[in-house]
Amino acid sequence: MNEPTSVQPRSPLEDRSRALFNDSVEGLDFAVRSRLTQARHAAVEAAAAAERRPRWFSRAGILAPAGVTAAAILGAVLWLGSPLGHHAVTVADGQPNLDDLEMVASTDEGAGDALDMLQDDIEFYDWADKAANSGSAT
Amino acid sequence: MPPFDTLNPTWMVWDNPAPAREEAVLEYTRELEKFLAEIERRAFRMAQVALRDPDDAMDVVQDTMLKLARNYASKPSNEWRPLFYRILENGIRDLQRRRAVRKRVMTWLPGAKEDPDNEAQDPLESVADASPAIPEVLMRDQAMVQLEDSLRSLPARQREAFMLRNFEGLDVAETASAMGCSEGSVKTHYSRAVHTLREKLGEVW
């Protein structure tokens with residue numbers, strides 16, 4: 001037991017109170033001593049169990065979330081690298097493949113009719129343009 | 001591939017650690033047990049002085065032992081004492097706080113005016129002991145009761161400083177570590193505690 005290393009000499013009050021406290025510690029009954037001994041044994045067992053546990057086991061609390069995060073990142077990379085993921089990205093970017101567009105255009109009958117109509121009206125637009133020019137010249 | 005018998009399987013077996021490590025564990029649990037055996041009764045008395053109730057004191061000491069063993073036993077053994085008392089004082093403070101809250105709640109509740117901690121005393125306890133007691137012992141017990149009452153009336157930090165420095169013999173640095181404050185604060189708390197105790201007990205002692 002360490003002695004207080006105070007520079008000042010100890011007062012009678014300090015000495016007497018300490019002696020009284022020590023006496024009261026010595027006077028503890030058997031039941032209290034027994035319970036303290038049981039508590040001590042439980043604590044020592046707990047310390048031994050904690051020390052015998054493998055080192056990595058105590059770090060599992062940190063490693064488990066790290067593992068879940070790593071798995072999530074790997075999953076995201078695999079998903080984005082897959083053909084399905086790639087297709088999804090191009091459509092989302094608004095840049096569909098031209099082959100796909102041609103296929104749609106070729107099978108759309110309405111689109112073909114519109115092109116034919118545009119070809120028929122070319123003569124009309126040509127005449128209107130000339131008439132406007134001649135009118136403005138006169 | 002190496003033959004199977006050249007592999008060292010000890011790292012794979014959980015319940016059979018290497019002998020050297022097992023020896024180290026035994027050594028350090030022995031040291032821990034010795035430390036706890038030295039300190040447990042004094043710690044119990046300190047907790048009892050602060051809390052009055054022996055069961056509460058026992059609970060706090062048990063918790064303190066377990067916390068030290070589980071979380072801090074791997075620290076150097078010369079650090080155990082201040083750590084132990086720091087855990088103990090935190091436990092005492094937590095319990096006192098819980099008691100204060102419970103007391104406040106109980107005063108609000110209708111028909112629950114009595115504090116469960118202050119239960120009616122057993123009348124047999126107040127009956128004088130029939131065995132012939134030595135006057136010195138009686139006087140000593142009485143003085144201890146007065147000392148405990150005076151210590152309980154001190155502010156918590158002063159009581160902690162006085163008990164750790166005077167009863168446990170911790171030096172200023174260890175007491176500061178146990179109380180989680182500066183060495184200057186320890187000196188101030190201790191000096192005030194001695195002054196107040198002298199005022200309270202001076203007439204009696």
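In what follows, chains carry the letters A, B, and so on, assigned in the order in which the sequence lines appear, proteins first and then strands, with residues in each chain numbered from 1. Remember, it's a predicted structure, so these values are computed and weren't measured experimentally.
For the atom pair A:L13 CG and B:F162 CZ, the distance stands at 5.5 Å (nearest 0.5 Å). The CZ atom of A:R40 sits 10.5 Å away from the CD atom of B:E38 when rounded to the nearest 0.5 Å.
B:Y72 does not touch chain A: none of its heavy atoms, backbone or side chain, sits under 4.5 Å away. Contact annotation for B:A43: neither backbone nor side-chain heavy atoms come within less than 4.5 Å of a heavy atom of chain A. Heavy atoms closer than 4.5 Å to chain A are found in both the backbone and the side chain of B:M65. Interface remark: A:L36 contributes backbone and side-chain atoms alike to the contact with chain B (heavy atom separation under 4.5 Å).
Of all the heavy atoms in A:V25 and B:R45, the pair that sits closest is CG2-CG, 3.6 Å. Across all non-hydrogen atoms, the minimal contact from B:L66 to A:A46 is CD2-CB, 4.0 Å. Contact record, B:A73 with A:A47: CB-CB, 4.2 Å, taken as the closest heavy-atom pair.
Between chain A and the options B:E33, B:R70, B:Q62, heavy-atom pairs under 4.5 Å are most frequent for B:E33. Options A:E45, A:E26, A:H41, A:R33 differ in how many heavy-atom pairs under 4.5 Å they form with chain B, and the most are formed by A:R33. Top candidate by heavy-atom pairs under 4.5 Å with chain B, chosen from A:S24, A:A39, A:A19, is A:S24.
B:R86 is linked by a side chain to side chain donor-acceptor pair (under 3.5 Å) to nothing, counting only residues two or more places apart in sequence or in another chain.
Using a 4.5 Å heavy-atom threshold, the side chains of A:N22 and B:R42 count as touching. Two residues are said to be in side-chain contact when any heavy atoms from C-beta on lie closer than 4.5 Å; B:Y190 and A:E14 meet this criterion. Within the 4.5 Å cutoff, the side chain of B:E168 has heavy atoms near those of the A:F21 side chain. Using a 4.5 Å heavy-atom cutoff, the side chains of A:S17 and B:N166 are in contact. The side-chain heavy atoms of A:R35 and B:D55, taken from C-beta on, include a pair separated by under 4.5 Å.
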>> Does A:V32 form a side chain to side chain contact (heavy atoms under 4.5 Å, CB included) with B:M58? I'd like the steps, not just the answer.
In response: CA-CA 8 Å; A:V32 170; B:M58 184 62 75; 3.9 Å; yes

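Residue B:R192 qualifies as open at atom CZ: its count of foreign heavy atoms under 6.0 Å is 12 or below.
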